[in-house]
Asker: 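Take this structure first; my questions come after.
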Protein chains: 2
Amino acid sequence: MLGMYRLSTSRRPRADARRNYDRLLAEADAAFRERGVDASLESIARRAGVAIGTLYGHFPSRRVLVGALLRERNETLFELGDGLLAHQTPDALATWVRAATAHAATYSGLASLLASGLDDEASELHTSCLRMADIGERLIAWARESGIVRADATGADLTALTTAAAWLREHMSLEGADRLITLTLDGLAPARPTLAGTR
Amino acid sequence: MLGMYRLSTSRRPRADARRNYDRLLAEADAAFRERGVDASLESIARRAGVAIGTLYGHFPSRRVLVGALLRERNETLFELGDGLLAHQTPDALATWVRAATAHAATYSGLASLLASGLDDEASELHTSCLRMADIGERLIAWARESGIVRADATGADLTALTTAAAWLREHMSLEGADRLITLTLDGLAPARPTLAGTR
DNA sequence: ACCTGAACACCGTTCAAGT
DNA sequence: ACCTGAACACCGTTCAAGT
């Protein structure tokens with residue numbers, strides 16, 4: 001339900017307001033897919049058939065608009081993360097990194113927004129960034145204790161890899177991004193004992 | 001000599017033209033450092049004390065301006081690459097990747113420009129991108145034959161890593177970028193024999 | 001309660017007119 | 001040969017006026 005109107009204080013939003021909100025969201029999604037997250041807000045309002053002031057009335061900043069569009073997508077991502085944490089299959093880490101990367105590459109330019117959203121408390125994307133970082137943190141902690149990654153692997157490694165790979169998907173090929181993920185995950189593997197050692 | 005005037009057809013450029021060219025370059029460098037590669041051209045012209053038309057007269061596009069600023073920096077990078085290829089020390093690959101990354105992170109936003117410059121033949125950055133890719137290609141070929149990286153390691157892996165790490169430097173921490181380089185290089189190492197094996 | 005669109009500031013780019 | 005700056009198009013953002 002992409003166009004779900006967020007209930008504010010008032011119980012029933014005016015019918016035209018709701019329709020405008022939904023149309024703006026739909027057009028913004030289309031524009032962001034075509035032109036990236038910096039697409040012209042004025043063109044979005046035009047395509048939605050409303051005045052530019054209406055867009056600002058519903059979405060006071062570009063980040064609010066992006067945040068609204070990402071809400072559901074975030075939920076399903078978080079559910080995946082929780083599931084991975086619960087089941088702890090061997091490929092949980094790889095699955096998570098690839099899913100988070102795909103999410104961060106939803107729109108071109110989103111990776112930058114997420115990268116700054118992690119530090120910037122004022123950003124509307126901040127809490128979802130924290131949530132993503134937290135899932136990564138807990139996954140890597142589990143992986144560390146299970147001995148399937150190096151002892152010095154950190155949550156920051158995951159967010160760096162995730163955002164960087166998302167950027168790669170936008171600017172180079174999808175395969176290149178996936179390849180970087182593969183290589184980095186291999187680099188995260190613990191040094192294997194060379195001689196007799198444990199097996 | 002950052003401000004070296006490029007000799008065009010005419011032997012002696014007019015004195016004011018040369019001065020404007022140099023001042024524009026200097027102000028552009030400052031602006032790009034402060035605001036990234038998308039800094040306002042109008043403000044650059046203003047700060048250089050010339051009309052906007054003068055900027056366009058010397059630099060018909062933003063990419064030409066960036067290309068002019070990067071020329072010397074490119075030269076020293078290429079010389080480093082050639083040196084590494086000649087000497088073939090064990091850490092040649094790591095040295096190259098870090099140097100190329102630092103270069104691609106000269107200005108914020110440059111990584112994107114270089115990524116597109118590699119494919120776009122019309123870009124003024126295209127030849128230098130090709131040159132960088134070529135050095136990487138030859139370095140990784142040598143490393144492959146020396147057995148210090150996996151057999152499936154490719155030049156594309158290096159450019160992906162380089163540009164992605166440069167983007168990371170711009171958007172997250174310098175250490176995060178370096179860490180990704182370390183992990184990926186580790187991932188590029190050949191699978192070590194687990195039991196008896198060679199050596 | 002919400003919408004409209006003019007208003008302001010700023011920018012990229014071109015080009016006729018100057019020197 | 002080079003410089004100037006007006007001109008055009010486009011955009012982000014705000015806000016008084018409408019319904």
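All chains are named by letter (A, B, ...) in the order of the sequence lines, taking the proteins before the strands, and each is independently numbered beginning at 1.
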Asker: Categorize B:G57 for me: base, sugar-phosphate, or nothing, with a 4.0 angstrom heavy-atom threshold over every strand shown.
Answerer: nothing

Asker: Taking only N and O in the side chain of A:R14, is any of them less than 4.0 Å away from OP1 or OP2 of C:dC3?
Answerer: no

Asker: Is A:T54 touching bases, backbone alone, or none of the nucleic acid, heavy atoms closer than 4.0 Å?
Answerer: base

Asker: Which nucleotide, in any strand shown, forms a Watson-Crick or G-U wobble pair with C:dC11, with both distances under 3.5 Å?
Answerer: none

Asker: Could you work out which one of D:dC3, C:dT4, C:dC3 sits closest to the side chain of A:A51?
Answerer: C:dT4

Asker: Picking from D:dT13, D:dC3, C:dC11, which would you name as closest to the side chain of B:E42?
Answerer: C:dC11

Asker: Let me spell it out: for each of A:R46 and A:P60, pick the nucleotide of DNA chain D with the closest heavy atom. Which residue's pick is nearer the 5' end?
Answerer: A:R46

Asker: Is it true that A:R131 and A:D82 have a side-chain N and a carboxylate O under 4.0 angstrom from each other?
Answerer: yes

Asker: Nearest-Å distance, CD1 (B:I44) to P (C:dC10)?
Answerer: 17 Å

Asker: Going from CG on A:L185 to CG on A:D91, what distance comes out if it is rounded to the nearest 0.5 angstrom?
Answerer: 11.0 Å

Asker: Using a 3.5 Å cut-off and no angle test, enumerate the donor-acceptor pairs between side-chain atoms of residues 159-169 of chain A and protein atoms at least two apart in sequence or in another chain.
Answerer:
residue: A:T159; atom: OG1; partner: A:A156; partner atom: O; Å: 3.0
residue: A:T162; atom: OG1; partner: A:L158; partner atom: O; Å: 2.8
residue: A:T163; atom: OG1; partner: A:T159; partner atom: O; Å: 2.8
residue: A:T163; atom: OG1; partner: A:A160; partner atom: O; Å: 3.2
residue: A:W167; atom: NE1; partner: A:H171; partner atom: NE2; Å: 3.2

Asker: Whole Å only: how far is the CZ atom of B:R35 from the P atom of C:dC10?
Answerer: 12 Å

Asker: Below 4.0 angstrom from OP1 or OP2 of C:dC2, is there any side-chain N or O of A:H58?
Answerer: no

Asker: Whom does C:dC2 pair with, Watson-Crick or G-U wobble, provided both distances fall under 3.5 Å?
Answerer: D:dG18

Asker: If every non-hydrogen atom of B:A39 is compared with every non-hydrogen atom of B:R62, which pair is closest and at what distance?
Answerer: O-NH1, 2.7 Å

Asker: So which nucleotide from C:dC3, C:dT4, D:dT13 ends up closest to the side chain of A:V50?
Answerer: C:dT4

Asker: In terms of side-chain heavy atoms of B:S40, which of C:dT14, C:dC11, D:dC3 is nearest?
Answerer: C:dC11

Asker: Between A:N20 and C:dC3, is there a contact of a side-chain N or O with OP1 or OP2 at under 4.0 Å?
Answerer: yes

